[in-house]
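Data block below; observations after.
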Amino acid sequence: MKLKMKKLETKLQATEVEIYIINKVMEYRVAADLSKTKFSLELRLSESYVRRVESPNYAEKYNVNILNEAAKILGCRMADFMPDPFVQSDTVEEYINLHPRLKAKYERLEKERDEKTRKKLETEKTKRQRASKKGKAGEK
């Protein structure tokens with residue numbers, strides 16, 4: 001059974017590093033002559049798991065536990081699925097932009113942190129002004 005491999009494109013809702021990993025697992029899976037269904041079952045997951053991971057229509061991704069099992073099944077190391085040494089893009093920023101709820105939460109937390117910092121600076125400024133006034137009053 002000869003399997004056809006089609007590399008994922010960036011239309012997938014995934015970061016550059018996630019796409020790299022998915023393509024590497026796919027490369028090893030195809031080389032091992034495993035269909036998506038067979039590989040899913042070897043991973044002890046639903047038979048559509050790998051199809052969903054490799055599809056741009058689903059948000060499913062491999063996690064480190066699945067990658068560990070995949071490496072065992074495919075006879076390689078987990079590191080073989082990883083870019084060496086890394087991808088250049090800011091994957092945290094990519095990830096946040098791909099997940100609107102997470103982005104909203106991050107922006108809210110950032111706003112709260114900025115507000116706390118602003119209040120702290122205002123409080124310190126007020127304390128300095130009071131101390132300065134007391135110092136001037138004591139000089140008279």
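Numbers here simply count residues along the sequence, with the first being 1.
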Quick one, [X] and [Y] - any side-chain contact, counting heavy atoms below 4.5 Å?
X   : Y   : value
V53 : Y58 : no
L34 : L74 : yes
I73 : Y28 : no
M82 : L67 : yes
Y49 : L41 : no

Can you measure from [atom1] ([X]) to [atom2] ([Y]) and round to the nearest 0.5 angstrom?
X    : Y   : atom1 : atom2 : value
E60  : R51 : CD    : CZ    : 10.5 Å
R101 : H99 : CZ    : NE2   : 10.0 Å
I21  : I66 : CD1   : CD1   : 13.0 Å

hydrophobic_cluster_shared for V92 and V17, side chain cutoff 4.5 Å | no
Shared ILVMFWY cluster between V25 and F86, side chains joined below 4.5 angstrom?
->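 No, because V25 and F86 fall into different hydrophobic clusters, even though each may have its own neighbours under 4.5 Å.
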Answer with yes or no after comparing the ring centroid distance for F81 and Y20 against a 6.0 Å cut-off, counting only values under it.
-> no
If we ignore hydrogens and angles and just use 3.5 Å, is the side chain of [X] paired with the main-chain N or O of [Y] as donor and acceptor?
X    : Y    : result
S35  : K38  : yes
S132 : R128 : no
E18  : T15  : yes
N68  : V64  : no
T91  : E94  : no
D80  : C76  : no
S40  : V50  : yes

Salt-bridge present ([X], [Y]; N to O < 4.0 Å):
X    : Y    : answer
R29  : E54  : yes
E69  : K72  : yes
K111 : D114 : no
R118 : E122 : yes
K24  : E27  : yes

Grab the two heavy atoms, one from I96 and one from K103, that are nearest each other, plus how far apart they are.
->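 Heavy-atom minimum between the residues: O-CB, 3.4 Å.
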Least distance between heavy atoms, A14 atom then K61 atom = CB-CE, 3.4 Å
Taking atom types as modelled and ignoring hydrogens, do the side chains of S46 and R52 form a donor-acceptor contact shorter than 3.5 angstrom?
-> yes
Compute whether any side-chain donor of one residue and acceptor of the other, for S89 and E16, lie under 3.5 angstrom apart.
->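 Their side chains do contain a donor-acceptor pair, which is all the 3.5 Å distance test asks for.
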Inspect the surroundings of CZ in R108 and state if more than 12 heavy atoms from other residues, nucleotides or ligands are less than 6.0 Å away.
->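 Enclosed: over 12 neighbouring heavy atoms sit under 6.0 Å from CZ of R108.
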Any chance CD of E47 has more than 12 other-residue heavy atoms, nucleotides or ligands included, within less than 6.0 Å?
->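 Atom CD in E47 is not packed in, count stays at 12 or less.
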